[in-house]
Amino acid sequence: MLRLLATRGAGFCVRPAGEPGHSRHSPRFSPCRQASDVPRNQPPSPDLVARPVGISSMMRLPVQASPEGLDAAFVGVPLDTGTSNRPGARFGPRCIREESVMLRAVNPSTGAVPFQSLSVADLGDVGINLYNLRDSCRLIREAYEKIVAADCVPLTLGGDHTITYPILQAMAAKHGPVGLLHVDAHTDTTDKALGETLYHGTTFRRGVDEGLLDCKRVVQIGIRGSAATLDPYHYSRSQGFRVVLAEDCWFKSLVPLMAEVREQVGGKPLYISFDIDALDPAYAPGTGTPEIAGLTPSQALEIIRGCQGLNVVGCDLVEVSPQYDVSGNTALLAANLLFEMLCALPKVRTA
């Protein structure tokens, strides 16, 4: 049974227009394997393997201990010690994986065929220290240094937003200061709280302090909510970040915005950090710090799909606290957004 669930190369191949069997009414994908392709891991089809069957890995992909030989990998970081309000994001990776059983191998909307293009697996979870936040950050940084050293692009299942700080340390050690597409209700640029300089609200302040970010290529989208001052975005803008408020996104497509973002970030390394609370809690209530009047799921798709072709070197989806959403919809939404991130990676072919 495990061999069946870890099937390699059992996905779809692209049949170019004009080939026998292709018509304008036929699907762009046919269930055959390109002979020239190296066999790669494929999510098992629900037509062949029932969805409740198998271990709970991301998209039911094989789980492996090492990033060697992988182009991209899903990684869980089940940490919520840096949470300032409702805890529970430590359970996010597990529930995202459970809901990812609904995902399939290709993306008809964008034409992306990630499993034809990349070798992908689930690397399991980083072993963190629930009783020591700084030690957890050390463990995360060391784990990601090994991942990026293997030229594997990590797609991270969080975990609270503190985890992005040590991931950025590993990214900057590999690539130098990176550009950042940060989708969130909050800027996460606080200097300290309760005397502490490390928690999920200080992530990008520490990134600036340590030179991890290319500040002229940082864009924050979806920012909103009440604040302690009349200009809560002063720090971000003073560093050169572009801050796009949620109200500037209401009732409109974000495709034009993403065209501007693409021009700003250019072809240099870009990291995507997506906090699920960027979305309105009507769509994603399962999070620790919800804010009303947020983005819609369709706008989230426009943002991520707008990154297709950019030099994306890593991604994360954080702050899913599943116990606040008994329907599982928040985790399901998170799983879909992670799949979209995979589809947007630079080596992914499109039909």
Side-chain angles (χ1 to χ4, degrees), residues 6-9 11 37-43 55 57-79 93 96-97 100 103 105 107 112-128 136-159 163-181 212 267-274 304 307-318 334-335 337-349:
T7 300
R8 292 174 179 266
D37 278 356
V38 176
R40 296 185 176 95
N41 298 331
Q42 297 280 343
I55 63 171
S57 65
M58 187 67 181
M59 298 185 69
R60 297 193 291 175
L61 288 165
V63 177
Q64 67 182 60
S66 169
E68 296 297 330
L70 297 178
D71 299 301
F74 294 103
V75 189
V77 185
L79 179 75
I96 293 170
R97 286 182 172 111
S100 74
L103 296 171
N107 190 332
V113 284
F115 300 102
Q116 283 276 322
S117 312
L118 307 175
S119 180
V120 188
D122 189 325
L123 292 180
D125 292 334
V126 175
I128 47 84
S136 286
C137 286
R138 176 188 64 82
L139 293 166
I140 296 165
R141 173 179 52 79
E142 291 175 353
Y144 278 77
E145 285 174 345
K146 294 177 182 178
I147 294 170
V148 299
D151 293 323
C152 175
V153 177
L155 299 109
T156 302
L157 293 64
I163 71 172
T164 305
Y165 163 58
I167 295 173
L168 286 174
Q169 289 179 316
M171 290 290 158
K174 168 82 170 181
H175 302 286
V178 295
L180 174 70
L181 177 62
L212 310 178
K268 296 180 180 179
L270 176 71
Y271 188 84
I272 300 173
S273 186
F274 200 115
I304 297 173
C307 295
Q308 195 167 31
L310 296 177
N311 187 13
V312 178
V313 295
C315 313
D316 64 51
L317 191 294
V318 298
L337 295 181
L338 282 159
F339 173 66
E340 293 285 342
M341 292 176 188
L342 174 66
C343 292
L345 294 185
K347 293 183 180 180
V348 173
R349 300 197 302 267

Minimum-distance pair of heavy atoms, taken over all atoms of [X] and [Y]:
X      : Y      : value
Pro269 : Val313 : CB-CG1, 3.8 Å
Tyr144 : Ala170 : CB-CB, 3.7 Å
Tyr165 : Cys137 : CD2-SG, 4.3 Å
Ser66  : Gln64  : O-NE2, 2.6 Å
Gly159 : Pro93  : N-CD, 3.8 Å
Arg40  : Gln116 : NH1-O, 2.5 Å

Report task. Please examine the side chains of Gln169 and Leu212, heavy atoms only from C-beta on, and report whether any two atoms are closer than 4.5 Å. Result -> yes
Report task. State, yes or no, whether a side-chain contact exists between Pro114 and Phe339 at a heavy-atom distance under 4.5 Å. Result -> yes
Query raised in the report: Between Asp71, Leu342, Leu345, Leu155, which is the residue that forms a side-chain contact (heavy atoms from CB on, under 4.5 Å) with Val120?
Result: Leu342
Report task. Determine the sole option in Leu181, Thr164, Ile163 for which the side-chain contact (heavy atoms from CB on, under 4.5 Å) test with Ser273 is passed. Result -> Thr164
Could you tell me the separation between the [atom1] atom of [X] and the [atom2] atom of [Y], rounded to the nearest 0.5 Å?
X      : Y      : atom1 : atom2 : result
Ser117 : Arg349 : OG    : CZ    : 4.5 Å
Leu123 : Leu61  : CG    : CG    : 10.5 Å
Glu68  : Ile147 : CD    : CD1   : 11.0 Å
Cys307 : Glu340 : SG    : CD    : 11.0 Å
Leu317 : Leu338 : CG    : CG    : 4.5 Å
Ile96  : Leu157 : CD1   : CG    : 4.5 Å

**Report entry** Short N-O contact, Glu142 and Lys146, less than 4.0 angstrom
**Finding:** no
Between [X] and [Y], is there a donor-acceptor pair closer than 3.5 Å when you use the side chain of the first and the backbone of the second?
X      : Y      : answer
Arg97  : Gly124 : yes
Asp122 : Met58  : yes
Asp316 : Thr156 : no
Ser100 : Met59  : yes
Arg60  : Pro43  : no

Query raised in the report: In this structure, are over 12 heavy atoms from other groups packed under 6.0 Å from Lys268 atom NZ?
Result: no
